[in-house]
Participant: 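Take this structure first; my questions come after.
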2 protein chains.
Amino acid sequence: MAETNQREATIRDVARLAGCGIATVSRVLNESGPVSDTSRRLVVDAARELGFEFSDVGRSLRNAVTRTIGCVVPSINNPVYAAAVQGIQTVARANGHQLLLSCTGYDLDEEYAAVKTLIGKRVDALILTMSDIKASRAVELLHNRKLKHCLLFNHMPGIPQRSAVDNCSAGFRVGLAFAEAGHDRVGYIALRLAQSDRAQQRFEGLSAFCQTTGLEAPALLEIEEQSRNLDQRLSAFLIANPAVTGLFVSNDLLAIAIIGALRRLGLSVPGDLSIVGFDGIEFGQMLQPTLATIATDPHAMGQASAYMVLSSILRRPATDTLAASADFEFRPGGSLGRPPSKDALAKKLQLLRQLSPAHASF
Amino acid sequence: MAETNQREATIRDVARLAGCGIATVSRVLNESGPVSDTSRRLVVDAARELGFEFSDVGRSLRNAVTRTIGCVVPSINNPVYAAAVQGIQTVARANGHQLLLSCTGYDLDEEYAAVKTLIGKRVDALILTMSDIKASRAVELLHNRKLKHCLLFNHMPGIPQRSAVDNCSAGFRVGLAFAEAGHDRVGYIALRLAQSDRAQQRFEGLSAFCQTTGLEAPALLEIEEQSRNLDQRLSAFLIANPAVTGLFVSNDLLAIAIIGALRRLGLSVPGDLSIVGFDGIEFGQMLQPTLATIATDPHAMGQASAYMVLSSILRRPATDTLAASADFEFRPGGSLGRPPSKDALAKKLQLLRQLSPAHASF
DNA sequence: GATGGATATGGAAACGTTTCCATAGTTAAA
DNA sequence: TTTAACTATGGAAACGTTTCCATATCCATC
């Protein structure tokens, strides 16, 4: 650990050493006005000698601009958000802005606190991903205050966004994929459904598909915590819904965990059950079988949202080549196959039922 | 997009509305001095009415403290760095600090620029992961300037760090694992070896093991870009080193890609070749076979580094329960098995050689 | 009734910038 | 030589805080 922080050199120190006024220093170092060659040399030398670096805090105070954008996401352990943040960061940096990051862990109060803090930090803009936008008090904070902001992954009527896939349509599309493969009874699995508007919308889309095509409504399994009793919960769910042959899982991360759980339960994918995920993370393609999913482009979405807020901050037409960032497409994969014969699955489930008590014990 | 930013309310506005001086407003809202009940009420009401929030930029200027820590990592698309950043963020937040994040894309110049910018932003501390610490000009910037900082994942004699695994020992350990499984000729695969001190150290460790046990030095394959000609490069490498039966890959992400490439080349893991990765990312455990690797705890390492810098900033004994964050351990996995019979592998490689021209064409 | 010590309050300075404005110096034109 | 126009320069104000210090008010004590 370095010793105690000594005072950083200020523009005044440079001026003193160069033997001129601070205005001249500013003009030289910012190339913002006429200066004689001699002054320039004096100032540049003095600045180098002192290792001078402008303080953005003084600058921000004076300019009423921090060149900083705030970013609130649930977590960057999920590669989807990581990619989005990476996209934001890249664009922000390219435009001379820094990124103030807050991860809220899917917690409403943390979201609120984060937004409040970032407002205090006087970020120039805010890019937000809320776990449940409808329930969020955080957005109220922004409503009166006219801070530039936009949503990422979320939808909300009054609030600008540029980069959220239409989860409902995507859910519908998944229903179609299942139907095309011959499944007539599907289930939906989500993590903390109540706290995720996106998970809800995906479910709605799937349900809508079932309804319009006359299929039975999807069975629903909500997981509270991605914990160890996943196997048990899943097993119970399958036993309770023996007709289900296709599972739509609210995101790829969870889908991969579900595939692992199924494997531990002695069920194969897609032999016994078909799985479709959501997001299109790279890892899905490295599994065997590959994960069928809804492919999205979170990196581009992050970039698009950054472009959006930046172009409004910078007051220049955004160089925006990213019109289609929020599109999605169904990506086929080995995890979605034809449904098994009723008998085959029934037999496996029977086996599972017998094992069930054993599972319940841990 | 919200309309034009109107001026935020200042402490002066609150004072005016409450009919008192700004000192009183500060005392009330910060609970930092004696105030009468009437003043308190007046001020609180006025602040609420205006939606007042202290400006951290004014505050930072006055206090010479920004309550912000800077973090420089190569990328958060790699789950290892994502976890570390997440760890830093959590600890920072819990201690009232915000995180200014810069991803540098393994680029030395970007690293330099990032550090410079963050110094300008007057972060209270800096947590750095450099791609190649020895070659880094960025650390020089910190040397004279006594800004608190620490390294994450990197080692460097003069610079404090708290959270970097001993890559060399880990590499040695991997050598041991291969030897125990019966391999006597191993290879090492790294991405941009020249730009990653960590990849180099891991290689050194493996080489050291080979040397001390009298094995032949590991064959080395360096990949420049994780691009599509990976298959081709890999195939050429295997043909050139037909005795190699075990591959140590410099990180899990790349290891997973390599496994995919091997599969495309018609080689099986661990049937034909054994693989050991590095990092211990979760996904490795979801593959089949599971990935043998060096398991580390990047989240804890991030936390530890944040504790380290924060405890020095805050001048209070850090609540540090994370003594062992930089430990590693070898995690066995299905990707490391016994070496195949010489004949079997030779036959496959023969096949590969015949295919080779075809591969070279795309 | 004057003095003294609390207690509450507001003015003002300082933090590090940028930029407006006034001034000093220099050259060109009258 | 005087005036005009321009260039280079530095002083000073403002941005939003916190905190020191001085002052004003009040109550208790002598």
Side-chain angles (χ1 to χ4, degrees), chain A residues 5-44 46-47 50-68 96 117 119-124 145, chain B residues 5-44 46-47 50-68 117 119-124 145 147:
Chain A
N5 279 4
Q6 72 207 4
R7 203 171 116 302
E8 297 275 346
T10 76
I11 195 176
R12 219 158 241 112
D13 299 323
V14 178
R16 186 160 28 235
L17 185 57
C20 67
I22 60 171
T24 301
V25 176
S26 175
R27 275 187 291 255
V28 171
L29 266 22
N30 293 312
E31 310 188 40
S32 61
V35 271
S36 67
D37 287 351
T38 41
S39 305
R40 190 188 319 282
R41 201 157 13 86
L42 250 30
V43 167
V44 168
L50 295 172
F52 173 73
E53 195 77 33
F54 278 114
S55 160
D56 264 326
V57 15
R59 209 172 241 182
S60 296
L61 182 59
R62 162 73 208 208
N63 295 350
V65 154
T66 53
R67 295 196 151 270
T68 285
T117 308
I119 288 176
K121 284 252 176 274
R122 294 294 187 264
V123 292
D124 294 340
R145 205 173 308 262
Chain B
N5 278 4
Q6 71 205 5
R7 207 172 111 300
E8 297 273 347
T10 76
I11 197 175
R12 223 160 237 111
D13 299 322
V14 178
R16 187 160 29 233
L17 185 57
C20 66
I22 60 170
T24 302
V25 175
S26 175
R27 275 185 292 255
V28 170
L29 266 22
N30 292 313
E31 309 189 39
S32 61
V35 271
S36 67
D37 287 350
T38 41
S39 306
R40 189 187 320 280
R41 205 158 12 88
L42 249 30
V43 167
V44 168
L50 295 173
F52 173 73
E53 195 80 30
F54 278 115
S55 160
D56 264 327
V57 15
R59 208 173 244 180
S60 296
L61 182 58
R62 162 70 209 212
N63 295 350
V65 153
T66 54
R67 293 195 151 272
T68 287
T117 308
I119 289 176
K121 283 251 175 277
R122 295 294 188 265
V123 293
D124 294 340
R145 206 172 306 265
L147 176 57

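Labels below follow one simple rule: chain letters A, B, ... track the order of the sequence lines, proteins then strands, and each chain is numbered from 1.
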Participant: Quick one: do the B:Ser26 and B:Asn30 side chains pair a donor with an acceptor below 3.5 Å?
Facilitator: yes
Participant: Regarding A:Ser60, tell me which of base, sugar-phosphate or nothing describes its non-hydrogen contacts under 4.0 Å with the strands shown.
Facilitator: nothing
Participant: Is a donor on one side and an acceptor on the other found under 3.5 Å between the side chain of B:Asp124 and the backbone of B:Arg67?
Facilitator: yes
Participant: Let me spell it out: for each of A:Phe52 and B:Pro34, pick the nucleotide of DNA chain C with the closest heavy atom. Which residue's pick is nearer the 5' end?
Facilitator: B:Pro34
Participant: From CZ of B:Phe54 over to P of D:dC15, roughly how many Å is that when rounded to an integer?
Facilitator: 17 Å
Participant: Measure CG/A:Asp56 against C1'/C:dT17 and give the value in whole Å, please.
Facilitator: 10 Å
Participant: Please evaluate the base of D:dT18 for a donor-acceptor partner in the side chain of B:Arg62 within a cut-off of under 3.5 Å?
Facilitator: yes
Participant: Between C:dT18, D:dT19, C:dG16, which one does the side chain of A:Asn63 approach most closely?
Facilitator: C:dT18
Participant: Could you check whether the side chain of A:Arg27 and the base of D:dG10 have a donor-acceptor pair of N or O atoms closer than 3.5 Å, going by distance alone?
Facilitator: yes
Participant: Write down the distance between CZ (B:Arg67) and P (D:dT18), rounded to a whole number of angstrom.
Facilitator: 12 Å
Participant: What are the residues of residues 9-25 of chain B, sorted by number, that bring a heavy atom to within less than 4.0 Å of DNA chain D?
Facilitator: B:Thr10, B:Ile11, B:Arg12, B:Ile22, B:Ala23
Participant: Output the rounded distance in Å from CD (B:Glu31) to P (D:dT18).
Facilitator: 13 Å
Participant: Have a look at A:Ser39 and say if it touches a base, only the backbone sugar-phosphate, or nothing, with a 4.0 Å heavy-atom cut-off.
Facilitator: sugar-phosphate
Participant: Rounded to the Å, how far apart are B:Asn30 CG and D:dT19 C1'?
Facilitator: 11 Å
Participant: Could you state the atom-to-atom distance from CZ of B:Arg59 to P of C:dG16 in whole Å?
Facilitator: 18 Å
Participant: Minimum heavy-atom separation for B:Ser39 and B:Ser36, please, with both atom names.
Facilitator: OG-OG, 2.7 Å
Participant: Expressed in angstrom and rounded to an integer, what is the separation of A:Asp37 atom CG from D:dA8 atom P?
Facilitator: 9 Å
Participant: Just checking B:Val35: base, sugar-phosphate only, or nothing, at a heavy-atom cut-off of under 4.0 Å?
Facilitator: sugar-phosphate
Participant: Would A:Thr66 and A:Arg59 count as a side chain to side chain contact (heavy atoms under 4.5 Å, CB included) here? Give the steps.
Facilitator: CA-CA 8 Å; A:Thr66 53; A:Arg59 209 172 241 182; over 6 Å; no
Participant: Using modelled atom types and a 3.5 Å cut-off, is there a donor and acceptor pairing between side-chain atoms of A:Ser60 and backbone atoms of B:Val57?
Facilitator: no
Participant: State which of D:dG16, C:dT9, D:dA14 makes the closest approach to the side chain of B:Ser55.
Facilitator: D:dG16
Participant: Minimum heavy-atom separation for B:Leu29 to B:Ala47, with atom names?
Facilitator: CD2-CB, 4.1 Å
Participant: OP1 or OP2 of C:dA8 sitting under 4.0 Å from any side-chain N/O of B:Ser36?
Facilitator: no
Participant: To the nearest Å, give me how far apart CG (B:Leu61) and C1' (C:dA13) are.
Facilitator: 13 Å
Participant: Identify the two heavy atoms, one from A:Phe52 and one from A:Thr10, that lie closest to each other, and give their separation to 0.1 Å.
Facilitator: CE1-C, 3.4 Å
